[in-house]
Novice: 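Take this structure, written in structure tokens, and hold onto it; I'll ask about it next.
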Amino acid sequence: QVTLAESGGGSVQPGGSLKLSCEASGYKYNTNCMGWFRQTPGQEREGVALIYTGYTGEGSTYYADSVKGRFAISRGDAGNAVYLQMNSLKPEDTGMYYCAARPVYLCAPAYLATAHWVTDWGQGTQVTVSS
């Protein structure tokens with residue numbers, strides 16, 4: 001049974017930072033496309049950042065334009081965890097953040113635009129940016 005366990009959400013003021021964590025269990029291999037989507041009430045989930053856990057070199061990460069230069073996605077050494085460091089947070093970053101994954105799957109920039117490729121979701125962690 002696959003589980004994605006998220007942690008690290010909270011409330012911060014604009015300009016602040018948060019780090020989200022997602023621990024995956026139940027995958028046979030650590031060569032998966034994993035990442036983060038976020039959602040606000042009445043809106044569809046939007047891709048924030050993706051990482052291919054089977055490769056640590058350049059080109060394994062992808063970001064939505066709205067977070068480039070502010071957010072950084074990374075993987076744990078064992079490849080079964082991903083992290084999202086969020087800096088210079090803005091009120092528009094507010095939302096429920098979901099860890100997303102598909103096992104034995106390469107990531108691609110186009111996967112930020114749709115959640116149809118995702119097979120596994122975490123329960124979500126709330127991020128609120130407000131003064």
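Here, residue 1 is the first one in the sequence, and each next residue gets the next number.
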Novice: May I ask you to decide if G54's main-chain N or O and T31's side chain share a donor-acceptor pair within less than 3.5 Å?
Specialist: no

Novice: Among all residues two or more places apart in sequence or in another chain, which pass the side-chain hydrogen bond (donor to acceptor under 3.5 Å, both in side chains) test with T114?
Specialist: H116

Novice: Please output the side-chain donor-acceptor pairs of residues 95-106 that fall under 3.5 Å, not counting sequence neighbours, one pair per line with the distance.
Specialist:
from: Y97; atom 1: OH; to: R38; atom 2: NH1; distance (Å): 2.9
from: Y97; atom 1: OH; to: D93; atom 2: O; distance (Å): 2.6
from: R102; atom 1: NH1; to: W117; atom 2: O; distance (Å): 3.2
from: Y105; atom 1: OH; to: Y111; atom 2: OH; distance (Å): 3.3

Novice: For residues 29-52, pull every pair meeting ring pair (Phe, Tyr, Trp, His ring centres under 6.0 Å), keeping only residues two or more places apart or in separate chains.
Specialist: F37-W121

Novice: Can you give the donor-acceptor pairs under 3.5 Å from side chains of residues 11-27 to other protein atoms, not counting sequence neighbours?
Specialist:
from: S17; atom 1: OG; to: N87; atom 2: OD1; distance (Å): 2.9
from: S25; atom 1: OG; to: T3; atom 2: OG1; distance (Å): 2.4
from: Y27; atom 1: OH; to: D120; atom 2: OD2; distance (Å): 2.7

Novice: Sort and list the pairs that fulfil disulfide bond (SG atoms under 2.5 Å apart) and have at least one residue in residues 59-94, not counting sequence neighbours.
Specialist: none

Novice: Determine whether T40 and T94 satisfy the following criterion, side chain to side chain contact (heavy atoms under 4.5 Å, CB included), listing intermediate values before the conclusion.
Specialist: CA-CA 7 Å; T40 53; T94 294; 5.6 Å; no

Novice: Should V127 and V82 be regarded as members of a common hydrophobic cluster, given that ILVMFWY residues are connected when their side-chain heavy atoms come within less than 4.5 Å of each other, either directly or indirectly?
Specialist: yes

Novice: In Å and rounded to the nearest 0.5 Å, what is the CD to CG distance from E92 to L89?
Specialist: 10.0 Å

Novice: Check side-chain hydrogen bond (donor to acceptor under 3.5 Å, both in side chains) between K68 and all other residues, then give those that pass, not counting sequence neighbours.
Specialist: D65

Novice: Do L84 and V48 come within less than 4.5 Å of each other through their side chains, counting heavy atoms only?
Specialist: yes

Novice: Under a single-linkage definition using a 4.5 Å side-chain heavy-atom cutoff for Ile, Leu, Val, Met, Phe, Trp and Tyr, are I51 and Y63 assigned to the same hydrophobic cluster?
Specialist: yes

Novice: Is it the case that one hydrophobic cluster holds both V118 and L4, taking links as side-chain heavy atoms less than 4.5 Å apart, direct or via other members?
Specialist: no

Novice: Could you tell me whether a side-chain N or O of E6 sits under 3.5 Å from a main-chain N or O of Q123, the two making a donor and an acceptor?
Specialist: yes

Novice: Do M34 and M86 sit in the same hydrophobic cluster, where Ile, Leu, Val, Met, Phe, Trp and Tyr count as joined when their side-chain heavy atoms come under 4.5 Å apart?
Specialist: yes

Novice: Under 3.5 Å, which donor-acceptor pairs link side chains of residues 71-78 to any protein atom two or more places apart or in another chain?
Specialist:
from: R75; atom 1: NE; to: T53; atom 2: O; distance (Å): 2.8
from: R75; atom 1: NH2; to: T53; atom 2: O; distance (Å): 2.9

Novice: Taking only residues at least two apart or on different chains, which pairs with a member in residues 101-131 satisfy disulfide bond (SG atoms under 2.5 Å apart)?
Specialist: C33-C107

Novice: Which residues pass the side-chain hydrogen bond (donor to acceptor under 3.5 Å, both in side chains) test with T128, not counting sequence neighbours?
Specialist: Q126

